[in-house]
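These notes are about the structure you will find just below.
Keep in mind that the numbers below use all heavy atoms, side chains included, and drop hydrogens, waters and symmetry copies.
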There are 2 protein chains.
Amino acid sequence: MENMEDKKTILIVDDEKPIVDILVYNLEKEGYNTLEANDGITAVDIALDRRPDLILLDIMLPKMDGLTVCKKIRTSLNVPILMLTAKDEEIDKILGLELGADDYITKPFSVRELMARIKANLRKSEIKENSNLDTTEEIKNKKITVGPLELDLDKFEAKVDGQAMDLTLREFEVLKFLASQAGQVITREVLLEKVWGYEYYGDIRTVDVTVRRIRGKIEKDTANPKILITKRGVGYYIKAN
Amino acid sequence: MENMEDKKTILIVDDEKPIVDILVYNLEKEGYNTLEANDGITAVDIALDRRPDLILLDIMLPKMDGLTVCKKIRTSLNVPILMLTAKDEEIDKILGLELGADDYITKPFSVRELMARIKANLRKSEIKENSNLDTTEEIKNKKITVGPLELDLDKFEAKVDGQAMDLTLREFEVLKFLASQAGQVITREVLLEKVWGYEYYGDIRTVDVTVRRIRGKIEKDTANPKILITKRGVGYYIKAN
DNA sequence: TATTTTTGTAATAAATTTGTAAAAAAACTT
DNA sequence: AAGTTTTTTTACAAATTTATTACAAAAATA
């Protein structure tokens, strides 16, 4: 349906085929997409080209070692990198240079632990992206007010004439997007792209239904909307006061 | 609000340029200010002059070794010092010399691990400062009150409508974090990071279960919570009155 | 060390949200 | 006015998210 839970993509960089296979098998079982690279140069190429959500990177690699790969990727991408190091002895060899990685795990590792680490690292990078949810920022208490409509972006709450309405997340986001450019007519296409996301390929009428649901909550008379208005043949807009 | 978000400043003392670069990159990404020193003497100068909130100190340094730097700084500053050591053997030196480093970490280390240590040490020094204040001043008996909910942060006790509830530590901390920003929806990710900690690898649904347990204690009807509310698709929040 | 308590995990049930399709209504066109 | 297009409305099914429960592991306490 919707929220394709846009499957996260993980790039596996390792030259040992059996290990890659195990990783691919387990990651896909967990619902991730996977990409593979068998040497360092390919790894950098794929990383830059495909922009994976996380990279599993072995240190010992042909053509370009993992540390260099790590640094190269780091200069242009902010993706979490999880280093795979072979044995404790090898760590000493590489001594001190391993820093660019977000996390590392030594071989042999349990699949279970690796999955846990991957999840944790993905979570972390998500938090950073959605920094409007991150309470460490002091961007708190953001509000959008248009006429009788007031959106509290922290509480995900909408008020009409001071009265709080209980909107779902999807409804709230549509309303927020419209309200952020009140007065401006927004096409369904744009709404789909901005709220539902780029890779959404559902019916465009979905927007209508969502608008209907929002109206049912914020308008006194849904047949005569005063806040969220239809511009026939174009789209919808919030009436600026 | 307590989260003044005055950025913490971290002094990095290391003579290996690439390592410093990676550290700077990652620390700033995490929202810290950074200062750099490439040798021991400069390190002491900068430390005394700029008063950083934490110092990352490599042991092997030109001009004045890390151990001496540490002692020098310690004589006049109470800043947390996190030592970076190359090999395991050197740890003995640090511990043996008892020169007042707060923590040490051996190379190679993951960014994740380093950040966790830095955060932990900053927290500790903050607690120390606060508890100083608390005993010298009379600011004790800190409380958070939101509607019918009252949290006594000294006693780790929660009251609902005046009646004391017996919460476990974990439960209390979740409730405290939520209550400290009542009305604001907090994601599970943020809760995991703030309450469980930076290096926690567990399942995100753990939050749900903990919330369930809290509800079982503070809500009259867990199926219709009035205090700790779910914002579906986002997270949880404490209803501000 | 034994016992109790807390905490995390996993599996299942329940609740809610969301998308789709189809029919009805409204707004334009000719 | 009849036909066409677009939007609104409704109902339903599917998908997703959350709640609940039981159990096991870990931690704290006696």
Side chain to side chain contact (heavy atoms under 4.5 Å, CB included) against [X], all qualifying residues, sequence neighbours excluded:
| X | result |
| --- | --- |
| Glu189(A) | Thr187(A), Ile204(A) |
| Glu30(A) | Tyr32(A), Met115(A), Lys119(A) |
| Lys239(A) | Ile229(A) |

If you restrict it to nitrogen or oxygen atoms, what contacts under 3.5 Å exist between nucleotides 27-30 of chain D and the protein, and what is each distance?
none

Just the table, please: protein N/O against nucleotides 6-12 of chain C N/O, every pair under 3.5 Å.
residue: dT7(C); atom: OP1; partner: Arg170(B); partner atom: N; Å: 3.2
residue: dT7(C); atom: OP2; partner: Thr168(B); partner atom: OG1; Å: 2.1
residue: dG8(C); atom: OP1; partner: Arg170(B); partner atom: NH1; Å: 2.5
residue: dG8(C); atom: OP1; partner: Trp196(B); partner atom: NE1; Å: 2.8
residue: dG8(C); atom: OP2; partner: Arg170(B); partner atom: NH1; Å: 3.4
residue: dG8(C); atom: OP2; partner: Trp196(B); partner atom: NE1; Å: 3.2
residue: dG8(C); atom: N7; partner: Arg213(B); partner atom: NH1; Å: 3.1
residue: dG8(C); atom: N7; partner: Arg213(B); partner atom: NH2; Å: 3.4
residue: dG8(C); atom: O6; partner: Arg213(B); partner atom: NH2; Å: 2.4
residue: dT9(C); atom: OP2; partner: Tyr200(B); partner atom: OH; Å: 3.2
residue: dT9(C); atom: OP2; partner: Asp203(B); partner atom: N; Å: 3.1
residue: dT9(C); atom: OP2; partner: Thr206(B); partner atom: OG1; Å: 2.9
residue: dA10(C); atom: OP1; partner: Arg112(A); partner atom: NH1; Å: 2.9

* Phosphate OP1/OP2 of dT6(D): any Tyr236(A) side-chain N/O under 4.0 Å -> no
With sequence neighbours left out, write down each residue that passes side-chain hydrogen bond (donor to acceptor under 3.5 Å, both in side chains) with [X], or none if nothing qualifies.
| X | answer |
| --- | --- |
| Tyr201(B) | Asp103(A), Arg117(A), Arg112(B) |
| Glu28(A) | Thr34(A) |
| Lys17(A) | Asp21(A) |
| Arg170(B) | none |

Please tabulate, one pair per line, each protein N/O and nucleotide N/O from nucleotides 26-30 of chain C that are separated by under 3.5 Å, including the distance.
residue: dA27(C); atom: O4'; partner: Arg232(A); partner atom: NH2; Å: 3.4

Donor-acceptor list for residues 212-221 of chain A side chains, cut-off 3.5 Å, not counting sequence neighbours:
residue: Arg215(A); atom: NE; partner: Leu228(A); partner atom: O; Å: 3.0
residue: Arg215(A); atom: NH2; partner: Leu228(A); partner atom: O; Å: 3.0
residue: Arg215(A); atom: NH2; partner: Thr230(A); partner atom: OG1; Å: 2.6
residue: Lys217(A); atom: NZ; partner: Asp166(A); partner atom: O; Å: 3.2
residue: Lys217(A); atom: NZ; partner: Glu171(A); partner atom: OE1; Å: 2.8
residue: Glu219(A); atom: OE1; partner: Lys226(A); partner atom: N; Å: 2.8
residue: Glu219(A); atom: OE1; partner: Ile227(A); partner atom: N; Å: 3.4
residue: Glu219(A); atom: OE2; partner: Lys226(A); partner atom: N; Å: 3.3
residue: Glu219(A); atom: OE2; partner: Ile227(A); partner atom: N; Å: 2.8
residue: Glu219(A); atom: OE2; partner: Leu228(A); partner atom: N; Å: 2.8
residue: Asp221(A); atom: OD1; partner: Ala223(A); partner atom: N; Å: 3.0

* Asked: Looking at five pairs on each end of the helix from dT1(C)-dA30(D) to dT30(C)-dA1(D), what is the angle between the two axes, given to 10 degrees?
  ->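 Computed angle between terminal axes is 30°.
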